[in-house]
Amino acid sequence: MRGLVIILAAQAILMLAASVWFLFELFTEQPDSMASAIALFVLIVLGTVWVAATAVGVARSASWARGSAVTIQILQLAIAFGSFQGGEFAQPLVGWVLLISAGSALFMLIRSAKRSGEAEKAARERPADDEG
């Protein structure tokens, strides 16, 4: 799980950097719609908090964290695939970084779930000690 925590922490740090960059752009450029730009900034910040909280949850082995991490990675895959498309706005490098990051995290999540299931199965199959 340490590798997954590292990936989630890196994703949270990169999202924090994206939040700061977007805030800088919000004040230095003139958006077409200020209300939409502010709403998008709020969504980016909320996403950053979500990813950071999930990283902390995974580090603490919280029961909700695995499902949250899977959801984050699936959303990240969707963004990655969108980064390869989009004509003049396509960003293939961003797409590859997101794709590799999400794929690695999903691999680790599936592997840890498999190990956890195998450990539970082994515990159930052990003969109970006779008390008595």
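One is the number of the first residue; the rest follow in order along the sequence.
- Side-chain contact between Ser36 and Asp32: absent, with no pair of heavy atoms (C-beta onward) separated by less than 4.5 Å.
- Leu43 and Ile38 are assigned to two separate hydrophobic clusters, defined by single-linkage of ILVMFWY side chains at heavy-atom distances under 4.5 Å.
- Annotation: the span from Leu26 atom CG to Ser19 atom OG amounts to 12.0 Å, rounded to 0.5 Å.
- Gln73 approaches Ser101 most closely through the heavy-atom pair OE1-O, 4.1 Å.
- Judged as a side-chain hydrogen bond (donor to acceptor under 3.5 Å, both in side chains), and not counting sequence neighbours, Ser83 has no contacts.
- By the 30° and 60° cut-offs, the orientation of the rings of Phe84 relative to Trp96 is perpendicular.
- Here CH2 of Trp21 is found 13.5 Å from CG of Leu14. Values are rounded to the nearest 0.5 Å.
- Taking CD1 from Ile72 and CD1 from Ile7, the interatomic distance works out to 12.5 Å, rounded to the nearest 0.5 Å.
- Looking at heavy atoms from C-beta onward, Pro31 lies out of side-chain contact with Glu25 at the 4.5 angstrom threshold.
- Under the 4.5 Å side-chain criterion, counting only non-hydrogen atoms from C-beta, Val58 is not in contact with Arg66.
- A 4.5 Å side-chain heavy-atom check between Leu77 and Leu98 finds every atom pair outside the cut-off.
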For Leu75 and Trp50, run side chain to side chain contact (heavy atoms under 4.5 Å, CB included): C-alpha distance rounded to whole Å, both residues' side-chain angles, the deciding distance at 0.1 Å, then the answer. CA-CA 12 Å; Leu75 290 171; Trp50 177 27; 3.7 Å; yes
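- With hydrogens and angles disregarded, no donor-acceptor distance shorter than 3.5 Å links the side chain of Ser68 to the backbone of Trp64.
- Nearest heavy-atom pair across Ala65 and Gly57 is CB-C, 3.4 Å.
- One hydrophobic cluster holds both Leu23 and Leu40 under the rule that ILVMFWY side chains link at heavy-atom gaps under 4.5 Å.
- Gly47 approaches Met15 most closely through the heavy-atom pair C-CE, 3.5 Å.
- When hydrophobic clusters are built by joining Ile, Leu, Val, Met, Phe, Trp and Tyr residues whose side-chain heavy atoms come closer than 4.5 Å, directly or via intermediates, Leu8 is grouped together with Val70.
- Leu99 is not listed as a side-chain neighbour of Gln76, based on a closest heavy-atom distance of 4.5 Å or more.
- Here the closest non-hydrogen pair linking Gly3 and Met108 is C-SD, 3.4 Å.
- Note that the CD1 atom of Ile79 and the CD1 atom of Ile74 stand 12.5 Å from one another [nearest 0.5 Å].
- Residues Phe107 and Leu4 form no side-chain contact, since every pair of their non-hydrogen atoms from C-beta on lies 4.5 Å or further apart.
- In terms of heavy atoms, Ala12 sits closest to Val51 at N-CG1, 3.7 Å.
- The two residues Gly95 and Ala80 come nearest to each other via the heavy atoms O-CB, 3.5 Å.
- Side-chain contact check for Val20 versus Phe24: every heavy-atom pair is 4.5 Å or farther apart.
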